[in-house]
Every structure is written in structure tokens, then in C-alpha cells.
There are 2 protein chains.
Amino acid sequence: MKTKKEKIETVDLGAEERIKQAATRLFAKNGFAGTRTRDIAQEAGINLALLNYYFRSKEKLFDLVMLEAMQDFMRSIASIVNNKDMSLEVKLENLVQNYFQLFLVQPDLPLFVMNELRTNPKRLESHLGIKKVIVGSHFFEQIKKRTPKKVNPFQFLMNTMALTVFPFLAAPMLKIIGDMDESAYLQILEERKKKIPQWILAQLLTAKS
Amino acid sequence: MKTKKEKIETVDLGAEERIKQAATRLFAKNGFAGTRTRDIAQEAGINLALLNYYFRSKEKLFDLVMLEAMQDFMRSIASIVNNKDMSLEVKLENLVQNYFQLFLVQPDLPLFVMNELRTNPKRLESHLGIKKVIVGSHFFEQIKKRTPKKVNPFQFLMNTMALTVFPFLAAPMLKIIGDMDESAYLQILEERKKKIPQWILAQLLTAKS
DNA sequence: AGAAATTTTAATCAAATGATTAAAATCATT
DNA sequence: AATGATTTTAATCATTTGATTAAAATTTCT
């Protein structure tokens, strides 16, 4: 029945889980259309038919993998963003660090999500309550209080995300432009991790009109 | 021979040009793998075989279209970035306006370019002299002069691009998060067009350590 | 161990897709 | 109009690719 085997967890994750992980990697790297089910099967070390046995179709597998990736992401920021015992300063630091931690491990994730949202914007709206997660958050209220009049506080939210996410989205280009290798670029990212909260706060203070 | 017909330029661009334009649109929208040659042919209003007659293969067509898109883009910013009679302030304004103008017409372009560069970073390096265009530019020298010591001036370049490009890359997501329709989002973008140069300059002044 | 359920595989199908070919249509030059 | 070059089309091919099927292997339960 549903007792499962539970072998050595670290090595043998079971076929189903291995397929999901392989799919996540490949979809993120090559997109939906650019990923063949055979590639997923090979990367997972299983037979092609097994993929359809577990997930019915490529599209269903994609939807599932996408949903879980987004949920993980949302959960991770929701807990920070809605903490009412954290100052805006600390919250900014935590948010940025959280982004960096996630994207350093999965560098393809942000571009993958952006792509999926462009081709299928409905999914974000329906599958996740992202609207309330951000704009209805304590974090957003804190920004509002600090934002000078006549400037839409949403701008500062955009700036925070832009400064944080863009260096990952555009990493290949930026490395070339700056003539940097991987380690040099990582150093730049480390510097940003500290500076971004300062930059954002400086904007909140110095913005005029 | 090579006299060509030159009918009414506005309506009939000729098959070759129509294919290129259709390909640009569709590749940008759906990526390489997600675009079928049949779709390009249909969008261009020509027979499928004609595509291969003019461009030999889907991949050749893609390479060509990609190259021209990037060259157009590079040309447009190179002229601004290397103008030695422009203050940093004015240059920032012009750069941002140039980005906005381009991306408002072709909203899919930035994501398309990011994608292509992730899957094929070599192309940027070989096909375009992007390295010198940016880092060797007069603009970059101006930033260097203004950057406080101990902060890598490249960070400010990244910030400029991030604040400018990200709102286009992430437009679908941001519209949902902010619960905005197209026109409301365009208004936000207009506000940014004015504010981004101010924000960048504020960073240059207020950055400490 | 033996029966039943579950998991995995090899073989194959059908549709989609990039590409080619040979013929037809159009255009340019005489 | 006739000729030759160029452009466009319809029909078709070969491969790729998502999916299915029926059988084999493995696990679970008695």
C-alpha cells in the first residue's frame, strides 16, 4: 500500500522524487519547450515511460514542479515580510540575504520564473496568493510610512527587487561586460548583499518632490 | 539581377524582410525551442519552404535575427555612452529614456536577450564588442570619478541597468503584485523614467564606507 | 512461498516538426 | 512574346518527441 520502502534516504530518493528534481533542473535551464521528456528521464536515471506513469504528461509535471518552486519561494519571503517585530532595516537585510541564498544555489530559477510568468501570467494569480503576500504585508506598510509624499511606495518595492534579482538574471551578460570570472562575480555579489539595504534606505531618505 | 522591385514600401516589405520581422517577434515571445518554423511562415504570410530558401535553417535565421537585435541595441547605447560633451546627469537621463523607448515598443526583447545569453554566453562576447562599449566608455569613467572609494564603480553600472531593465523583465509579475492594469503600470514606468537618474545620483553621493 | 499490488522496462505509435525537392508562378531582359 | 533567372508553392521525407501498451521485475501482504 502506502508504506513505502524508505531505503537510504541520501542516495536513493526514489524514482518519483528523482524525476521531479531532474525536471526542476532541466525546465529551469532550458524552459518548457526546450526540455525533452527523454532528457528528464535520462537525468533522473529512469525509463521514459515512468515519467508518464507518475505524472501523466510533460505538462502536468511542469505545472507541479513550477507550483512547488513558487510555493517554496513565497513561503521563504512571506515569513520575513510579515514579521512585525523586525525593523525595516533588519527586514531589508534579511530579505536580500534570503534572495541571495536561494539564487546562489539555483541560479537559473529567477529567469525561469520570469519566463513562465510572461507566457502564463494567470498561473501566479491563481495558484498563489501573491498579491496579499507582498502589498498587504507589514513590510509594505513600513515602506509606506517612510516613503516621501508624491512618490508611489511601490517604486521602492520594485527597486528592492530590481537591485537584488537583476544581478542573477543578467549574470552571464554582466560577467562579460565587467570582464569577470565566476569568483570575481561572486565577490561583487557579496558586496551587494551588504550595500543594497543601505542603498534602498538612502533612497527613502533622499528622495525629493 | 539585384535591382529589386521596390513596390509600396509601407505595405509590402518583401518576403525576406517579413520573415525576419515575424521571426523576431515570435522568437522573442516564445524562445527558440518554443517557436515553430511553420508559425513564422504563417505570421509572415509566406510558404514554409521559403523560410529555408532564404535562411537555410531555423538556427541560421535565429542567429541572424539575434545578432541584428543586439547590434541595434548596442548601437543605440554606444552613441550616448561615449558622448564626451554630456554630463553624467544628462547622460543618465538619456540612457534611461533610450531603454524605455526601446522596451516600450518591444517588451519581450529584454527577457529574450537574457535567455539567449544564459544558454549561449559566447555569442555576446564574439559577435559584439560589448566589453569595450560599456567598461571602456566615457560614461564609465564619469562614474568612476564620482564613486566613493572602496565601492566598485561597476556596482553603479549594475544598479542603473537593474533599476531600468527589471521593470520590463518582470512586468507580468509586478502588475499582479501591485494589482495594476496596463495603463496604471505605464504610469509607474513614466514615474521611474524621471526618478531613476535621481536615485542613481543619490547613491553616488550618499554611499558611505 | 505464493498471490496480489506496485513499479519499471522495452517496444511501438502517432503527431509534430525541420527540411528538401521538383514543379509552378513571377519577374526581368531582350 | 520568348527566354532565362528568380521567387514561391505544394507535396513529401526523415527525424524527433510525447505518449501508450503489454509484459517483466520488484515489492508487499498473507
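Quick note: numbers below take in every heavy atom, side chains included, and nothing from hydrogens, waters or symmetry partners.
Sorted by first then second residue, the ring-ring contact (aromatic ring centres under 6.0 Å, His included) pairs that include residues 65-98 of chain A, not counting sequence neighbours, are A:Phe73-A:Tyr99.
Remark: C1' of D:dT15 and NZ of B:Lys58 are 14 Å apart, rounded to the nearest angstrom. Taking atom CD of residue B:Glu59 and atom P of nucleotide C:dA19, one finds them 8 Å apart after rounding to whole Å.
Residues passing the side chain to side chain donor-acceptor pair (under 3.5 Å) test with B:Asp72, sequence neighbours excluded: B:Arg75. A search for side chain to side chain donor-acceptor pair (under 3.5 Å) contacts involving B:Gln21 returns nothing, not counting sequence neighbours.
Geometrically, A:Lys29 does not engage A:Phe112 in a cation-pi contact, judged by NZ or CZ lying under 6.0 Å from the ring centre and within 45° of the ring axis.
Using a 4.0 Å cut-off between a side-chain N of Lys or Arg and a carboxylate O of Asp or Glu, A:Glu141 and A:Lys84 do not qualify as a salt bridge.
For the salt bridge (charged side-chain N to carboxylate O under 4.0 Å, His left out) criterion with A:Glu43, the lone passing option out of A:Lys20, A:Arg38, A:Arg25, A:Arg18 is A:Arg25.
For residues 34-57 of chain B, proximity to DNA chain D is found at B:Ile46, B:Asn47, B:Ala49, B:Leu50, B:Tyr53, B:Tyr54, defined as any non-hydrogen atom under 4.0 angstrom from a strand atom. Within residues 22-33 of chain B, no residue has a heavy atom under 4.0 Å from DNA chain D.
Proximity of the aromatic rings of A:Phe62 and A:Phe32 is defined here by a centroid distance below 6.0 angstrom, and this criterion is met.
One N or O on the side chain of A:Asn82 and one on the backbone of A:His138 form a donor-acceptor pair closer than 3.5 Å.
Looking at A:Thr164 and A:Phe103, their side chains never come closer than 4.5 Å, going by heavy atoms from C-beta outward.
A donor-acceptor contact closer than 3.5 angstrom links the side chains of A:Asn98 and A:Ser76.
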Self-check item: Under the 3.5 Å Watson-Crick or G-U criterion, the dot-bracket string of DNA chain C, with | for inter-strand pairs
Solution: ||||||||||||||||||||||||||||||
